[in-house]
There are 2 protein chains.
Amino acid sequence: MRKRTEAPERRRSDLLDAAQRIVLDKGVAGLTVDEVTARAEVAKGTFYLYFRSKEQLLGALQDRFVDDLTARQRAELDRLDAGDWMGRLLHWMESSIRGYLAHADLHDALFHHPRSEDPASQPSIGHGQAARHGHEADPTINTHAAALADILEAGTAAGAFTLANPRAAAILLYNTMHGTADYLVEQAQRETTDSSTNLVDAVISESLNLCRRYAEPTG
Amino acid sequence: MRKRTEAPERRRSDLLDAAQRIVLDKGVAGLTVDEVTARAEVAKGTFYLYFRSKEQLLGALQDRFVDDLTARQRAELDRLDAGDWMGRLLHWMESSIRGYLAHADLHDALFHHPRSEDPASQPSIGHGQAARHGHEADPTINTHAAALADILEAGTAAGAFTLANPRAAAILLYNTMHGTADYLVEQAQRETTDSSTNLVDAVISESLNLCRRYAEPTG
DNA sequence: ACCTGAACACCGTTCAAGT
DNA sequence: ACCTGAACACCGTTCAAGT
């Protein structure tokens with residue numbers, strides 16, 4: 001019964017890292033609390049000092065994935081001309097899809113998982129309540145969707161877009177992106193590398209057409 | 001040890017019906033093989049004569065949901081003017097979102113569930129392998145996505161749409177619809193009836209704008 | 001305060017035995 | 001051929017006991 005006390009945040013991220021490796025190895029279905037704690041070198045019960053349930057751990061992994069992607073995009077957007085709203089929109093769309101594809105294995109493994117109806121699942125242990133399918137698209141919860149909503153609202157205010165309802169538009173385009181990325185990830189696993197690269201390029205190209213025509217039809 | 005032999009298709013749909021009731025009552029997380037077989041009044045082992053796993057049962061429920069929706073839509077589309085391609089597209093989009101919302105409880109419960117990485121899960125017992133997230137959008141697998149692809153391809157060929165790549169467009173718009181329906185379903189559970197009705201109408205209205213501007217920008 | 005790990009409880013799946 | 005249900009195996013979660 002050795003005891004190794006660690007800074008709580010460090011311990012928490014150890015558990016997340018271990019879980020992420022397992023998810024990449026065997027998928028969400030192969031994730032067990034037993035193996036998470038074994039890889040993180042703590043006792044099984046310690047898991048429940050940092051996460052309310054296995055379900056909440058998955059939520060925290062999803063949050064981390066989306067937050068990392070959003071941070072990378074924000075850095076890239078800062079290098080674009082501030083007044084080029086269409087450029088910012090097209091960049092958001094293309095780099096989001098490509099960003100998901102670049103981490104296809106993790107994205108695919110993470111973003112298909114069970115939802116418990118557990119009514120008592122309020123966020124209370126740290127941050128780590130997942131953005132799930134559905135409110136995933138909610139700009140008030142998901143920073144990635146919020147970045148898109150910002151572009152559409154500011155661009156409309158600036159007269160670059162002619163959108164009747166930029167908030168609704170953000171919901172639509174966020175889901176266009178996310179569902180399409182899911183689809184391309186699965187196709188990539190099914191097809192040869194060559195033919196799926198063609199599909200990816202064709203669909204991304206068409207997604208940019210969609211953005212252009214939808215946001216600025218008078219352009 | 002009483003034995004009640006039934007026509008296999010009947011038994012199978014009894015199990016599906018029982019599972020659907022449970023999913024509506026307690027969600028996917030609350031679904032157990034034990035309770036499915038209890039409600040269908042068969043022994044636990046009988047379940048595995050009709051489904052390879054609990055996972056495959058969920059896939060079969062999803063298939064049934066999508067097939068029912070598609071059949072209803074097809075009947076409605078037959079009443080539209082055959083040459084009115086934009087009308088058909090707008091109808092597909094609006095009735096799909098509203099169709100999902102009308103069965104929000106079942107749709108929400110069904111379309112968020114785990115994927116096993118089980119490499120041995122080939123469809124072999126009857127039909128009932130699920131269309132999952134990802135290839136869900138594949139028109140060759142999902143009849144609902146196929147209906148949209150048909151409209152876009154035929155409408156483009158007829159000159160009503162000016163789409164560079166109707167197949168890619170179908171993937172994009174299918175995901176716009178599906179993700180947005182997911183989002184609206186979850187919002188509906190979160191908000192009061194009044195405010196969510198407003199949101200639904202605003203988002204649907206904007207989705208029709210998107211279809212109009214995207215498919216027929218010269219119109 | 002933080003950590004341990006044995007014990008418990010709950011299913012998914014199998015299979016030898018029934019009709 | 002179709003069905004049964006006890007038994008097995010596998011985890012998620014808890015909690016009394018350690019430092």
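Every chain is numbered from 1, with letters handed out A, B, ... down the list of sequences.
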| query | Got A:Met93 and A:Leu210 here, is their nearest side-chain heavy-atom distance under 4.5 Å? | reply | no
Per atom distances to the B:Ser53 side chain, the nearest of C:dT13, D:dT13, D:dC3 is C:dT13
Mate of C:dC10 across any strand shown (Watson-Crick or G-U wobble, both atom pairs under 3.5 Å) is none
note: B:Phe47, atom CZ; C:dT13, atom C1'; distance rounded to Å ~ 10 Å
Angle class for the B:Trp92/B:Tyr174 ring planes (parallel below 30°, perpendicular above 60°, tilted otherwise)? tilted
In whole angstroms, the gap separating C1' of D:dT14 from CG of A:Leu49 amounts to 11 Å
Here the distance between atom C1' of C:dC11 and atom NZ of B:Lys26, to the nearest Å, is 13 Å
Which of C:dT4, C:dG12, D:dC3 is nearest the side chain of B:Tyr48? It is C:dG12
Whole-Å distance, B:Arg11 CZ to D:dA1 P, equals 18 Å
Margin query: Less than 3.5 Å apart, any donor N or O on the side chain of B:Gln73 or B:His91 sitting next to an acceptor on the other?
Written below: no
Taking a pair to mean Watson-Crick or G-U wobble geometry with both distances below 3.5 Å, C:dA1 pairs with D:dT19
From CD of A:Glu41 across to C1' of C:dT4 the rounded distance in Å is 15 Å
Check whether the ring centres of B:His178 and A:His178 lie less than 6.0 Å apart, and answer yes or no.
-> no
- request: Using a 4.0 Å heavy-atom cut-off across all strands, classify B:Lys44 as base, sugar-phosphate, or nothing.
  value: base
Margin query: Over 60° means perpendicular and under 30° means parallel, so tell me whether B:Tyr100 and B:His107 are parallel, tilted or perpendicular.
Written below: tilted
Quick check on C:dG12: is either OP1 or OP2 less than 4.0 Å from any side-chain nitrogen or oxygen of B:Arg52? no
note: B:Leu57, atom CG; C:dC11, atom P; distance rounded to Å ~ 16 Å
In whole angstroms, the gap separating P of D:dC2 from CZ of B:Arg12 amounts to 14 Å
To the nearest angstrom, the CG-P distance between B:Asp34 and D:dG5 comes to 12 Å
Testing D:dC3, C:dT13, C:dT4 for proximity to the side chain of A:Thr46, the answer is C:dT4
Closest of D:dT13, C:dC3, D:dC3 to the B:Tyr50 side chain is D:dC3
Of D:dT4, C:dG12, D:dT13, the nucleotide closest to the side chain of A:Lys54 is D:dT13
Practice item. Tell me what B:Thr32 touches on the nucleic acid: a base, only sugar-phosphate, or nothing, going by heavy atoms under 4.0 Å. Key: sugar-phosphate
